[in-house]
Number of protein chains: 2
Amino acid sequence: MNLPPLIQSFVLHFGEMGSHWGINRTVGQIYALLYVSDKPLNADDIVEAIGCSRSNTSMALKELQAWRLVKLQHLPGDRREYFSTPEDVWAIFKTLAEERQKREVEPTLTMLRGAIMETPSGDAERHAQARMNEMYQLIELVTKWFADIRDMDVDTLQKLMKLGSQVQKVLQFTQSIGRLTGRDSNRNADAEA
Amino acid sequence: MNLPPLIQSFVLHFGEMGSHWGINRTVGQIYALLYVSDKPLNADDIVEAIGCSRSNTSMALKELQAWRLVKLQHLPGDRREYFSTPEDVWAIFKTLAEERQKREVEPTLTMLRGAIMETPSGDAERHAQARMNEMYQLIELVTKWFADIRDMDVDTLQKLMKLGSQVQKVLQFTQSIGRLTGRDSNRNADAEA
DNA sequence: TCAAACTTTCAGAAATTACTGAAAATTGGA
DNA sequence: TCCAATTTTCAGTAATTTCTGAAAGTTTGA
């Protein structure tokens with residue numbers, strides 16, 4: 001690997017972090033490299049920069065494409081494939097959340113639904129089922145909420161996040177206004193709570 | 001492994017999922033088993049249920065303790081150690097979020113801060129630094145927000161989540177009320193946005 | 001203090017995962 | 001169509017991770 005030190009430490013860090021996230025070192029490194037690169041790179045550029053084999057690079061790029069984390073593009077007059085990451089970090093964040101949802105959360109929800117449907121035979125199973133149901137309800141709530149959040153436009157999202165826990169006060173304020181004015185702007189929460 | 005089918009599929013699923021989360025199969029399986037169990041289990045109970053070795057169980061329990069995901073307790077008149085998971089699924093969720101924050105996010109933020117401080121030498125490094133800064137700002141915002149959310153009491157949190165993207169409307173409504181009344185209940189968001 | 005009950009450690013074996021180089025496949029242009 | 005450039009596949013190897021059994025360590029009560 002022969003990169004400017006600043007970029008190298010970033011690339012190496014993401015290589016290590018990959019293992020915490022179920023992706024391998026090369027995939028993490030390549031992603032990091034593309035993320036900070038100021039221009040799209042082709043596979044040989046990557047081999048050169050990272051120091052892995054051409055075939056490994058090919059596999060890693062395939063995986064990154066499956067995650068929708070890299071864009072493939074062609075440069076005029078060049079047959080090679082060039083890769084880059086989306087420029088908008090929020091878009092990247094959303095893609096990541098969507099993919100993890102699809103790969104990890106959905107299968108878990110499916111399994112839980114199946115288990116909760118079964119007729120329990122005995123106390124142990126009955127208790128297990130109740131626990132699974134608690135988990136199911138939590139995951140479903142968080143998931144739906146996350147999807148709502150994810151689909152907000154970036155400006156609103158940033159405002160909301162900066163507001164942080166202050167949002168509680170806004171909600172309380174709104175509820176009392178609602179009571180005073182008869183306007184029910186908190187309809188959903190009240191109906192489902 | 002000799003468990004009721006319903007529990008077995010839950011345990012096996014978490015074993016598989018573990019690998020997506022950087023924990024090994026046994027750790028995932030043991031956690032799942034404890035989660036659905038209606039009483040605390042000792043290491044031999046676990047060996048019996050999962051079918052792994054005693055030493056592997058010991059290692060896995062140590063890791064789960066490091067993650068603060070299992071509680072150790074003693075039963076009167078029994079020298080063995082018994083393990084269970086917290087009953088409150090929200091508490092579990094919070095613990096998980098805190099630990100991942102500490103193990104994955106913090107080191108990344110530290111690395112990014114370091115890189116952003118460096119003096120860039122050349123355009124490539126300058127661009128890389130700008131990208132790292134974008135990532136840093138995003139992670140920090142999301143992290144702070146998450147911490148705020150995490151520390152809300154469960155009732156408020158559930159209300160907020162059920163409200164979902166409707167929260168936008170509440171915010172807009174509040175802002176217009178604020179303009180009308182002069183009351184500035186959205187202070188923070190405005191100041192920092 | 002000793003012995004019994006229980007837990008942890010650790011070196012090596014087994015299993016899994018990642019990586020490579022060679023060969024096959026694909027693509028675009030002449 | 002063929003050729004040259006490029007990408008992908010895949011079988012074998014390397015590296016890493018997980019798991020086990022034996023041995024060492026710890027704790028409690030007599």
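Computation of the quantities below employed the complete heavy-atom set of this structure, encompassing side-chain atoms and omitting hydrogens, waters and symmetry-equivalent molecules. Being a predicted model, the structure only gives us computed values, none of them experimental. Letters A, B, ... are given to chains in the order of the sequence lines, protein chains preceding strands, and every chain is numbered from 1.
- The two atoms that bring B:Ala32 and B:Val11 nearest to each other are CB-CA, 3.8 Å, heavy atoms only.
- Among pairs with a residue in residues 144-154 of chain A, those fulfilling side-chain hydrogen bond (donor to acceptor under 3.5 Å, both in side chains) read A:Asp153-A:Thr156, at least two apart in sequence or across chains.
- Pairs engaging residues 123-135 of chain A under the side-chain hydrogen bond (donor to acceptor under 3.5 Å, both in side chains) rule: A:Ser121-A:Glu125, A:Asp123-A:Arg126, A:Arg131-A:Glu134, A:Arg131-B:Thr85, A:Asn133-A:Gln137 [sequence neighbours left out].
- Annotation: side-chain hydrogen bond (donor to acceptor under 3.5 Å, both in side chains) contacts of B:Trp90 (sequence neighbours excluded): none.
- Applying the side-chain hydrogen bond (donor to acceptor under 3.5 Å, both in side chains) rule to A:Glu87 yields no partners; only residues at least two apart in sequence or on another chain are considered.
- Less than 4.0 Å separates DNA chain C from at least one heavy atom of each of the following residues of residues 20-30 of chain A: A:Asn24, A:Arg25, A:Thr26.
- Cation-pi geometry between B:Arg103 and A:Trp21 is not satisfied (NZ or CZ under 6.0 Å from the ring centre, within 45° of the ring normal).
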Problem set entry | Derivation of the side chain to side chain contact (heavy atoms under 4.5 Å, CB included) call for A:Phe93 and A:Asp88 | CA-CA 9 Å; A:Phe93 182 74; A:Asp88 177 1; over 6 Å; no
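- With the end axes of the helix from C:dT1-D:dA30 to C:dA30-D:dT1 each set by five pairs, the angle from one to the other reads 20° at 10° resolution.
- Counting only residues at least two apart or on different chains, the side-chain hydrogen bond (donor to acceptor under 3.5 Å, both in side chains) pairs with a member in residues 24-39 of chain A are A:Thr26-A:Asn56.
- Atom CD of A:Glu16 and atom CE of B:Met111 lie 11.0 Å apart (nearest 0.5 Å).
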Pairs of donor and acceptor atoms involving the side chains of residues 42-51 of chain B, under 3.5 Å and at least two apart or interchain, shall be tabulated with distances.
from	atom 1	to	atom 2	distance (Å)
B:Asn42	OD1	B:Asp44	N	2.9
B:Asn42	OD1	B:Asp45	N	2.8
B:Asn42	ND2	B:Tyr82	OH	3.2
B:Asp45	OD2	B:Asn42	N	3.0

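- First and last contacts of DNA chain C with chain B, using any nucleotide atom under 4.0 Å from a protein heavy atom and ordered 5' to 3', fall at C:dA4 to C:dC10.
- Nucleic acid contact class of A:Arg80 (heavy atoms, under 4.0 Å, all strands): sugar-phosphate only.
- No side-chain heavy atom of A:Met132 sits under 4.5 Å from any side-chain heavy atom of A:Met135.
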Output a table of donor-acceptor pairs, distance under 3.5 Å, between side-chain atoms of residues 60-71 of chain A and any protein atom two or more places apart or on a different chain; print 'none' if there are none.
from	atom 1	to	atom 2	distance (Å)
A:Arg68	NE	A:Glu99	OE2	2.7
A:Arg68	NH2	A:Glu98	OE1	3.0
A:Arg68	NH2	A:Glu99	OE2	3.2

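- Around the CG atom of A:Asp78, the shell of radius 6.0 Å holds more than 12 heavy atoms that belong to other residues, nucleotides or ligands.
- Listed by residue number, the members of residues 35-73 of chain A with any heavy atom below 4.0 angstrom from DNA chain D are A:Arg54, A:Ser55, A:Ser58, A:Met59, A:Lys62.
- Counting heavy atoms from C-beta on, the side chains of B:Phe10 and A:Leu112 come closer than 4.5 Å.
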For this session: Begin with the C-alpha distance, continue with both residues' side-chain angles, and end with the deciding distance and a verdict on side chain to side chain contact (heavy atoms under 4.5 Å, CB included) for B:Ile30 and B:Phe14.
Result: CA-CA 9 Å; B:Ile30 291 180; B:Phe14 271 78; over 6 Å; no
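- Scanning DNA chain D 5' to 3' for nucleotides with an atom closer than 4.0 angstrom to a non-hydrogen atom of chain A gives a first and last hit of D:dA4 to D:dC10.
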